[in-house]
A.B. asks: 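This is the structure, below, for whatever I ask next.
Residue numbers start from 1 in every chain, and the chains themselves are labelled A, B, ... in the order their sequence lines are given, proteins ahead of strands.
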Amino acid sequence: MEKFAVHGGMKRSSTEDARSPRKKIKLESDERMEEEEEEFSHPVPWSKIEAEGLDCDYAQLFSKEEADHLFKQLEEEVAYSTEEEAKVQVFGKVYNIPRKQATYGDEGLTYTYSGVKRSACPWTPTLEYIRDAVTKTTGQTFNFVLVNRYKDGRDHIGEHRDDEKELDPLCPIASVSLGAARDFIFRHRDARGKQSRRQIEPVKLELAHGSLLLMNSPTNTFWYHSLPARKKVSQPRINLTFRRILLDRKK
DNA sequence: CCTAATTCAACCTG
DNA sequence: CCAGGTTGAATTAG
């Protein structure tokens with residue numbers, strides 16, 4: 001079978017990379033974090049992940065220490081939907097989703113997940129901090145984040161595309177991983193099903209603690225992705241997918 | 001008529 | 001042969 005895609009390779013940032021140890025994160029409860037100007041560009045080595053119709057960039061955004069701290073903060077701050085609220089109905093059957101979810105974002109934004117519309121909670125300090133770190137390294141801005149928490153290797157998500165109508169199709173989706181490393185698998189839409197006319201290998205990654213995966217257009221048009229169960233994983237993982245949601249044109 | 005996310009079973013691999 | 005991974009089929013209402 002195919003090896004996992006190689007990390008490290010070409011870089012994307014213009015600067016001469018080199019891991020400058022980044023400043024420690026301090027999240028004092030009432031202190032608004034002001035980022036200094038010198039923090040504006042974070043030079044981070046990127047690896048490019050490419051296939052037909054697939055275009056992703058992967059980087060280690062946070063050091064282990066920073067990522068540990070952020071994980072802890074999120075464990076305290078994030079309020080997930082209850083099992084009751086998160087039930088999903090497909091083909092007439094009701095399921096508990098095998099993970100926990102929360103939605104945060106700018107005021108008034110709503111997110112629809114398999115028919116259920118929920119409004120975004122206001123940003124927490126840690127989520128804002130991470131959002132801004134992503135913006136600094138990518139130049140992209142986001143108004144929404146979907147938080148998924150996988151309590152161990154049995155929690156997972158099946159193959160899907162992030163093709164919700166309300167998403168800005170040209171804005172990349174930025175996926176930040178904290179906690180246990182998990183496999184992440186892309187499959188081309190034409191390579192699925194019994195008599196798929198095309199034989200396209202899946203693209204497999206491992207998403208590390210503190211990493212950032214940018215999924216650029218048109219990846220989501222052609223490729224499904226999943227986070228499969230991994231029985232040997234016993235620790236939790238929190239995934240943040242930052243998105244740009246188009247504002248509803250109110251009539 | 002079209003669209004849904006998950007479970008499960010069957011097959012594959014080490 | 002077992003455990004675990006991978007794939008595809010099944011599943012129903014609005």
A.B. asks: Rounded to whole Å, please give me the gap between CD in A:Gln101 and P in B:dT6.
C.D. replies: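 In whole Å, B:dT6 P lies 8 Å from A:Gln101 CD.
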A.B. asks: B:dT7 P sits how many Å from A:Ile97 CD1, rounded?
C.D. replies: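 These atoms are roughly 10 Å apart.
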A.B. asks: Let me know the distance between CD of A:Gln89 and C1' of B:dT7, rounded to the nearest Å.
C.D. replies: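 My rounded result for the distance is 16 Å.
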A.B. asks: Nearest to the side chain of A:Pro98, heavy atoms from C-beta on, is which of C:dG5, B:dT7, C:dT7?
C.D. replies: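 The listed nucleotide nearest to A:Pro98's side chain is B:dT7.
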A.B. asks: In whole Å, what is the span from the CZ atom of A:Phe91 to the C1' atom of C:dG8?
C.D. replies: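 Interatomic distance, CZ of A:Phe91 to C1' of C:dG8: 13 Å.
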A.B. asks: In whole Å, I'd like the distance from the CD atom of A:Glu83 to the P atom of B:dT6.
C.D. replies: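 Going from CD in A:Glu83 over to P in B:dT6 covers 13 Å.
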A.B. asks: Counting heavy atoms from C-beta on, name the nucleotide in B:dT7, C:dT6, B:dA4 closest to the side chain of A:Ile185.
C.D. replies: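 It is C:dT6.
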A.B. asks: In whole angstroms, how far is the P atom of B:dT6 from the NE2 atom of A:His156?
C.D. replies: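 In whole Å, B:dT6 P lies 7 Å from A:His156 NE2.
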A.B. asks: Expressed in angstrom and rounded to an integer, what is the separation of A:Asn148 atom CG from B:dA5 atom P?
C.D. replies: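 For the pair A:Asn148 CG and B:dA5 P, the rounded distance is 13 Å.
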A.B. asks: Side chain of A:Lys93 only, please: which of C:dT12, C:dT7, B:dA4 is the nearest?
C.D. replies: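 Per side-chain heavy atoms of A:Lys93, the pick is C:dT12.
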A.B. asks: Given B:dA4, is OP1 or OP2 found less than 4.0 Å from the side-chain N or O atoms of A:Arg161?
C.D. replies: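 Checking A:Arg161 against B:dA4: no side-chain N or O falls below 4.0 Å of OP1 or OP2.
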A.B. asks: Please state whether the phosphate of B:dA5, meaning OP1 or OP2, lies under 4.0 angstrom from any side-chain nitrogen or oxygen of A:Lys87.
C.D. replies: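 Checking A:Lys87 against B:dA5: no side-chain N or O falls below 4.0 Å of OP1 or OP2.
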A.B. asks: A:Pro228 near the nucleic acid: base, sugar-phosphate alone, or nothing, with a heavy-atom cut-off under 4.0 Å?
C.D. replies: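 No contact.
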A.B. asks: Evaluate the ring planes of A:His209 and A:Phe71, with Trp represented by its six-membered ring, and classify them as parallel (under 30°), tilted (30 to 60°) or perpendicular (over 60°).
C.D. replies: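 Aromatic pair A:His209/A:Phe71 classed perpendicular.
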A.B. asks: Once you measure the plane-to-plane angle for A:Phe242 and A:Phe142, does it fall in the parallel (<30°), tilted (30-60°) or perpendicular (>60°) bin?
C.D. replies: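 Rings of A:Phe242 and A:Phe142: tilted, as their planes differ by 30° to 60°.
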A.B. asks: Looking only at side-chain N and O atoms, does A:Ser175 offer a donor or acceptor that is under 3.5 Å from a partner on A:Asn239?
C.D. replies: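 Yes - a donor-acceptor pair under 3.5 Å links their side chains.
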A.B. asks: Please give me the minimum heavy-atom distance between A:Ala120 and A:Asp106, naming the atom from each residue.
C.D. replies: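 Closest approach of A:Ala120 to A:Asp106, heavy atoms only: CB-O, 4.2 Å.
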A.B. asks: Would you call A:Arg187 and A:Glu159 a salt bridge, taking side-chain N to carboxylate O under 4.0 Å as the test?
C.D. replies: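 Yes, this pair counts.
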A.B. asks: Between C:dT6 atom P and A:Leu227 atom CG, what is the distance in whole Å?
C.D. replies: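 Between P of C:dT6 and CG of A:Leu227: 12 Å.
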A.B. asks: Please list, in numerical order, the residues of residues 231-242 of chain A that have a heavy atom closer than 4.0 Å to any atom of DNA chain C.
C.D. replies: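 Output list: A:Lys231.
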A.B. asks: What do you reckon, are the aromatic ring centroids of A:His225 and A:Phe184 less than 6.0 Å apart?
C.D. replies: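 When the ring centroids of A:His225 and A:Phe184 are compared, they turn out to be within the sub-6.0 Å range.
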A.B. asks: Going by an N to O cut-off under 4.0 Å, is there a salt bridge joining A:Asp168 and A:Arg243?
C.D. replies: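 No salt bridge links A:Asp168 with A:Arg243.
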A.B. asks: State whether A:Arg99 places a side-chain N or O below 4.0 Å from either non-bridging phosphate oxygen (OP1 or OP2) of B:dT6.
C.D. replies: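 For B:dT6, OP1 or OP2 has a side-chain N or O of A:Arg99 closer than 4.0 Å.
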